[in-house]
Amino acid sequence: MKAAQLNAYNKNNLNLDLIDVPTPEPQDDQVLIKVLTAGVNPLDNMITRGEVKMIVPYKTPLIAGNEVVGIIEQVGSKVSDFNLGDRVFGRLPLDSIGAFAEYVAVDVAALAKVPDYLTDEEAAGVPLTALTIMQALDLMGAKAGQTLFISGGTGGVGAMAIPLAKAKGLTVITNGGADSRDRVLELGADQFLDYKTQNYTELLSNIDLVLDTLGSSETEKQMTIMKQGGHLVSLRAMPNGSFAKRMNLPKYKQVLFAQAGRKFDKMADKYGVHYDFIFVESNGKQLQEVADIFTERQIKPSVDTVFAFSDINKALDKVANGRSRGKTVLSMKG
């Protein structure tokens, strides 16, 4: 089968090599998926640059790709919840990625069934982002009736976070460019702030939960609008010691991350709030919950560009350098 392989970490060259490798054999608790589409994400380029090797030390050569949509073609002997021909999707387990290939063997615990109304291309935009949101809400201990602020919620993360948060009974406030106001309110946001004319630090207070999609100096600004005991989860700031423990990283890495994230822990102490960083993991059960919410609300992720598998490096370049209004997707079909 054809696959896109990372041969060595490289900060300057994000290109993968298209190679021929044997089709994998699924283990007892796995299924073999014929890949239809794969999501292309900033994470894929971060892995190539070696930026996540402190969290997941991938050994090269490595078949790349974290997010898959496909049809089950072979079922392991211990698999009972999935059948031949099922259309499934998932964020692949951290220790066994490989979505950029014609076939991939996947642990069934990472998979869920794709809602019928989603196209293969739309489905590729769901697992990584939706699981990030679900895991962030879990980490926050989000409860119905609480208020969530999503910084910069007009992009792909916000488009997924708003309806999922509303489905869990949260009041959702976000900010961004005025041209996105109608679309964001349509997704279910309760309040929208134009970041050019409305300063959220002056207008908001007593916020229970914050999903930080911006990082940098914005992380501390968001802490200033929170109530005592509130919880901020960041997708962009710095991993800390509690993150390293949660990920079961070796002790020496826990020490290193505790030092690296100390600035944000101190910041959180200063404002009397909780701070966490998140790195999304596979979870088929959570993804099935997402699929059910999507089906009920008929949510459709937006797709920006679909690339043929042979154009994998153009897709990676688009994610690294292009402005997107939706998901970049790799198609294995035809």
Side-chain angles (χ1 to χ4, degrees), residues 42 129-130 132-240 242-243 261 263-280 299 301-302 323-326:
T129 307
T132 300
I133 305 309
M134 295 294 276
Q135 289 166 24
L137 293 174
D138 272 5
L139 197 50
M140 292 170 180
K143 295 180 181 64
Q146 291 184 312
T147 299
L148 169 70
F149 177 66
I150 304 167
S151 59
T154 56
V157 171
M160 201 80 74
I162 292 165
L164 291 175
K166 291 304 296 178
K168 289 184 173 286
L170 299 173
T171 296
V172 179
I173 304 170
T174 190
N175 68 337
D179 59 341
S180 297
R181 177 187 298 274
D182 291 346
R183 179 172 56 83
V184 166
L185 292 174
E186 208 171 284
L187 285 167
D190 296 280
Q191 186 178 351
F192 179 85
L193 303 176
D194 177 350
Y195 79 99
K196 286 187 177 174
T197 61
Q198 297 174 290
N199 185 341
Y200 69 85
T201 63
E202 296 171 358
L203 296 170
L204 301 179
S205 62
N206 222 32
I207 301 293
D208 298 292
L209 311 169
V210 170
L211 183 66
D212 170 29
T213 75
L214 302 174
S216 192
S217 61
E218 293 297 316
T219 305
E220 183 169 10
K221 286 183 188 174
Q222 290 162 79
M223 289 181 183
T224 69
I225 67 172
M226 300 178 71
K227 67 165 55 168
Q228 290 286 304
H231 205 138
L232 179 147
V233 172
S234 181
L235 314 184
R236 296 291 298 276
M238 181 65 73
N240 59 355
S242 64
F243 164 81
K263 170 187 168 186
F264 290 94
D265 289 335
K266 282 186 172 178
M267 209 181 278
D269 286 344
K270 175 181 167 185
Y271 294 103
V273 300
H274 302 284
Y275 167 81
D276 275 302
F277 178 85
I278 197 164
F279 187 85
V280 64
I299 300 165
S302 58
R323 291 180 66 83
S324 295
R325 293 195 69 85

Q) Rounded to the nearest 0.5 Å, how far apart are NZ of Lys168 and NZ of Lys166? A) 14.0 Å
Q: Test Leu148 against every option in Val210, Asp190, Leu137 by the side chain to side chain contact (heavy atoms under 4.5 Å, CB included) rule and name the one that passes.
A: Leu137
Q: Considering non-hydrogen atoms only, spot the tightest contact between Ser234 and Asp212 and give its length.
A: OG-OD2, 2.8 Å
(Q) Any non-hydrogen side-chain atom of Tyr200 less than 4.5 Å from a side-chain atom of Glu218? (A) yes
Side chains of residues 171-180: which donor-acceptor partners sit under 3.5 Å, not counting sequence neighbours?
from, atom 1, to, atom 2, distance (Å)
Thr174, OG1, Ile150, O, 2.6
Thr174, OG1, Gly153, N, 3.0
Asn175, OD1, Gly152, N, 2.7
Ser180, OG, Arg183, NH2, 3.3

Q | Note, Met267 side chain near Met223 side chain (heavy atom, < 4.5 Å) | A | yes
Q.
Give me the atom names and distance for the closest heavy-atom approach of Gln146 to Leu209.
A. OE1-CD1, 3.5 Å
Q) How would you list, by chain and number, every residue that makes a ring pair (Phe, Tyr, Trp, His ring centres under 6.0 Å) with Phe192, sequence neighbours excluded? A) none
(Q) In the structure I gave you, are the side-chain heavy atoms of Lys227 and Asp208 within less than 4.5 Å of one another anywhere? (A) yes
**Q.** For the student: nearest non-hydrogen atoms of Gln228 and Tyr271, plus distance
**A.** NE2-O, 3.1 Å
Q. If you round to the nearest 0.5 Å, how far is CZ of Phe264 from OG1 of Thr219?
A. 5.0 Å
Q | Least distance between heavy atoms, Ala136 atom then Ile278 atom | A | N-CD1, 3.3 Å
Q: Kindly indicate whether the side chain of Met160, heavy atoms from C-beta on, has any atom under 4.5 Å from the side chain of Met134.
A: no
Q) Roughly how far apart are Thr201 OG1 and Ile225 CD1, rounded to 0.5 Å? A) 8.0 Å
Q: State the CG-CG distance between Asp276 and Asn240, to the nearest 0.5 angstrom.
A: 6.0 Å
Q) Are side-chain heavy atoms of Leu211 and Met140 found at a separation under 4.5 Å? A) yes
Q.
Testing the basics here: between Gln198 and Leu193, what is the closest heavy-atom pair and its distance to 0.1 Å?
A. OE1-CA, 3.3 Å
Q: Give me the ring orientation class for Phe277 and Phe243: parallel if the planes are under 30° apart, tilted from 30 to 60°, perpendicular past 60°.
A: perpendicular
Q) For the atom pair CE (Met226) and CG (Asn206), what is the distance rounded to the nearest 0.5 Å? A) 10.5 Å
Q) Is a side-chain N or O of Gln135 found less than 3.5 angstrom from the main chain of Ala130, in a donor-acceptor match? A) no
Q.
If I take atom CG from residue Leu187 and atom CG from residue Leu164, how far apart are they, to the nearest 0.5 angstrom?
A. 10.5 Å
**Q.** Any side-chain heavy-atom pair of Thr147 and Leu204 under 4.5 Å
**A.** no
Q.
Can you give me the closest heavy-atom contact between Gly156 and Thr129, atom names plus distance?
A. O-CG2, 3.9 Å
